[in-house]
Structure formats: C-alpha cells, structure tokens
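These notes are about the structure you will find just below.
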Amino acid sequence: MARTQRAVSTLVIAVASLLVLTSCAKREAEIKVGEYGSLTGGTATFGTSSKNGIELFVDNLNAQGGIGGKKIHVLVEDDQSKPEEAATAVNKLIAQDGVVAVLGEVASSRSLAAAPICQNASVPMISPSSTNPKVTEIGDYIFRVCYIDPFQGMVIAKFAKNTLHFSKAAILRDNKNDYSVGLANYFTESFRGMGGTIVGDEAYSEGDQDFKAQLTNLKGKKPEFIFVPGYYTEVGLIARQARELGITVPMLGGDGWVSERLLEVAQDALNGSYFVNHYYENDPNPIVQNFVQSYRKRYNSTPDGLAALAYDAAGVLTTAMQQLLSADPKAFETLSGPPNADQKAARAKLRELIAATRDYAGVTGRISLDEHRNAVKPAVFVGIENRAYKLVATVEP
C-alpha cells in the first residue's frame with residue numbers, strides 16, 4: 001500500500017513538473033501585450049471598437065506564425081470609462097502580468113491617467129486615438145497613431161470658414177473632459193485667427209441628460225453653426241434637444257463623434273452636420289478594403305475610425321518588434337524575460353524602433369511619427385444625410 005502511494009505521489013509530482021515546464025515554455029513562446037479600454041460605461045463603443053481592431057490584427061499575425069515563432073498574447077482590461085480605473089488597469093498589466101507594451105486608450109483623460117505609469121516603468125504605450133497633445137508630453141515611452149487636437153481644431157475651423165463659408169460659431173463643450181476642452185480651445189483660436197466670431201460658449205458635464213438651458217442660450221446668440229467637441233453619448237442627445245428647441249443650424253464635431261451608436265441616439269437630428277474622422281470605409285485603397293471586409297466578416301459590422309486606428313496601433317507596435325528581431329535577436333528574446341537590466345535594455349530598443357516609425361502603410365493612411373511621437377497624417381471630413389455618412393473632404397497636414 002505504501003509502495004502504491006509512493007508511486008502515485010511520484011506520478012503526481014512528475015505530472016505537476018510537466019505542467020510547470022509546459023506553462024513556462026508557453027510563456028517563453030509568447031509575447032504579452034496589454035490593452036486597456038472602455039468596454040463598459042459611457043463610451044463602451046470606443047473600447048469595443050478598439051478591442052476588435054487590435055484582436056483582428058493580432059489574430060491575423062499569429063495565424064502567420066507570429067514574430068520569430070512567438071505568438072502575441074493580448075491581455076485586455078476594462079477601465080469602465082473612468083480615468084482612475086485606467087490607472088488601475090495599467091498598473092495590473094505591468095506589475096502583475098508583465099506586459100512588454102501597452103495599447104490604449106481612446107479617451108485622452110484616461111490616457112493621461114495611465115501614461116505616467118507606463119513612462120515610469122519604461123513600458124512603451126501607443127494610444128490609438130487620444131488626440132490631446134498632453135498625452136505624449138508625459139514622456140518618451142508614450143506614442144500615438146492619430147493626429148492631435150491643434151491640427152483637428154484648425155481643420156474644423158478651416159472647413160467651417162472656407163468650405164461652409166460660416167463666420168459665426170457657438171460652442172457647447174464638456175468642461176470635465178480634457179479632450180473636449182482642448183479641442184474647443186484649439187478650434188476657437190484657429191477660427192478667430194481666420195476672422196470668425198465665437199458668439200456663445202456653453203458647457204456641460206459628461207453624463208448630463210438635459211442640455212436645453214445651454215442650447216436656449218446659444219439659440220439666442222444666432223450662430224450659423226454649433227461646434228460640439230464631445231463624445232457620441234451626449235452629442236446625440238444634444239442634437240435631438242436642439243431640434244426640439246427649433247435650432248436648425250448644422251452641428252460640427254471632432255472624432256469623439258465616431259461611434260456606431262451616434263445615429264441610433266441622434267436619429268435624424270444630425271442631418272446636415274459634419275465631423276472629423278480618421279478614415280472612410282468606402283475608400284477604394286486595397287489596404288482599407290481588405291481591413292473593412294475582414295472586419296465585417298468577423299464582427300458583422302462596419303469598422304469605425306477607432307477600430308481602424310487600433311488596428312494600425314497594433315501594426316506599428318508589431319512592426320517595431322519584427323525590426324527588433326531582425327536587428328538584435330538576443331534583445332528580442334529578452335524582451336519578454338524576467339525583469340532585469342537586459343529586459344530594460346530590450347524595451348528601450350523597442351521604444352527607439354517605435355519612435356523611428358516612418359511611412360507605415362496603415363488603414364488610416366501612411367503613418368510617420370514626429371519628434372514628439374505624434375502621427376503626421378490627414379483628416380477626413382464626413383457629412384451626415386438621411387442617417388448615413390458621406391465623404392466630404394480630406395485635409396492633409
């Protein structure tokens with residue numbers, strides 16, 4: 001009986017050892033990348049679109065063998081659309097999960113909460129679509145693949161003044177949102193510089209449901225259009241309440257409008273309005289159409305600009321990893337190793353390669369990162385008619 005028990009114990013130990021070895025081998029054969037985003041909360045479509053875009057790119061790459069025989073394993077954390085949760089999520093990804101790099105976020109306020117953690121840990125972070133300039137100012141490990149708000153604010157002002165021939169604007173901004181406040185300020189500076197006038201400037205807070213007092217004040221100022229640099233959740237409600245109050249002028253917006261839910265909420269209230277996007281799904285470019293068709297086949301929906309940017313962010317990151325493998329195989333092997341001097345040096349080399357990104361052929365255009373780690377690329381203007389989108393203009397940087 002004792003001999004049998006010893007044999008069983010030996011077998012259990014052997015199996016356990018095999019499982020540990022298998023687990024270690026699996027960890028060594030994969031590269032862990034973190035992703036954080038708003039999968040729940042007020043901007044849940046932002047996080048869902050981004051997750052889908054990253055997932056699509058990484059799964060396609062892994063199906064082709066990954067990088068140097070190693071598969072990319074994306075660990076996803078939901079920040080619930082809250083800055084404090086974004087910080088918690090990234091802390092976990094770095095300290096507990098040991099990710100090599102981080103992808104995220106969409107909202108600038110949440111990127112601003114998480115980026116210092118990545119910077120302090122020397123872990124590269126690429127935001128797909130946070131446009132506030134302060135995000136990359138946090139440090140040299142922080143990147144983005146989208147244009148920034150000074151450019152976005154300028155092209156919106158230029159479009160309103162030169163294309164639509166408007167000279168009187170009203171603004172309705174989210175005063176608790178870094179993205180909204182920054183974009184409103186950049187638009188104001190540019191529009192006034194072009195000879196335009198801001199006849200009214202009102203504010204709300206994310207989560208508000210009633211905007212009639214602010215809209216009534218703006219109606220009395222008789223603007224030719226209302227600039228609403230907010231997120232789709234409130235924008236749809238603002239548009240409907242504006243029409244209920246008899247406000248008929250167009251609304252203009254930034255890329256915070258980008259969501260499949262925008263027109264579900266707004267219904268017909270945004271007809272005749274315009275916003276800035278990062279790409280147009282009917283662009284005949286084969287890179288764009290291959291992405292759109294693959295996305296539709298997998299998710300049964302049309303990818304928005306945030307999905308496209310996330311796809312490109314994953315592409316920029318993994319291209320830098322491939323370059324690291326080619327230039328320094330030893331550094332590539334230590335990238336996912338235990339935290340030590342070699343690992344830190346490998347991640348520093350990865351950071352340098354991301355920063356050197358030039359002319360990456362992405363879905364959202366050719367991406368080159370400038371000295372401030374911001375993408376230099378065009379903006380796309382989309383018009384809304386009959387609850388559908390149409391391409392109006394493309395503005396080069």
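Put simply, the side chain of N340 gets close to the backbone of Q343: a donor and an acceptor are under 3.5 Å apart.
Using a cutoff of 4.0 Å between basic side-chain nitrogens and carboxylate oxygens, D342 and K330 are not scored as salt-bridged. Note on E264 versus R261: salt bridge recorded, some NZ/NE/NH1/NH2 to OD/OE distance being below 4.0 Å. Between E202 and K221 no salt bridge is recorded (no basic side-chain N to carboxylate O distance below 4.0 Å). Electrostatic pairing of R173 and D201 counts as a salt bridge here, judged by a charged N lying under 4.0 Å from a carboxylate O. Between K377 and E396 there is no salt bridge, since no side-chain nitrogen of the basic residue lies less than 4.0 Å from a carboxylate oxygen of the acidic one.
For Y231 and F46, the gap between ring centers is short of 6.0 Å. Ring-centre distance between Y295 and Y279: not below the 6.0 Å cut-off.
Partner of R110 under the side-chain hydrogen bond (donor to acceptor under 3.5 Å, both in side chains) criterion, out of E84, Q80, E105: E105 alone. Here the options are H73, K92, K32, the test is side-chain hydrogen bond (donor to acceptor under 3.5 Å, both in side chains), and the partner is D97; only K92 passes.
A side-chain donor from one of T40 and D78 sits under 3.5 Å from a side-chain acceptor of the other. Inspection of the T302 and R296 side chains reveals an N or O donor paired with an N or O acceptor under 3.5 Å.
Atom-to-atom distance recorded for I67:CD1 and E30:CD is 13.0 Å, nearest 0.5 angstrom.
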> Between F381 and Y274, is a ring pair (Phe, Tyr, Trp, His ring centres under 6.0 Å) present by the stated rule, with each step listed?
Replying inline: CA-CA 7 Å; F381 274 93; Y274 306 87; 7.9 Å; no

>> Determine whether N282 and Q289 satisfy the following criterion, side-chain hydrogen bond (donor to acceptor under 3.5 Å, both in side chains), listing intermediate values before the conclusion.
In response: CA-CA 7 Å; N282 292 323; Q289 288 310 306; 5.3 Å; no

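Using the six-membered ring where Trp is involved, H278 and Y147 have ring planes that are parallel, under 30° apart on the 30 and 60° scheme.
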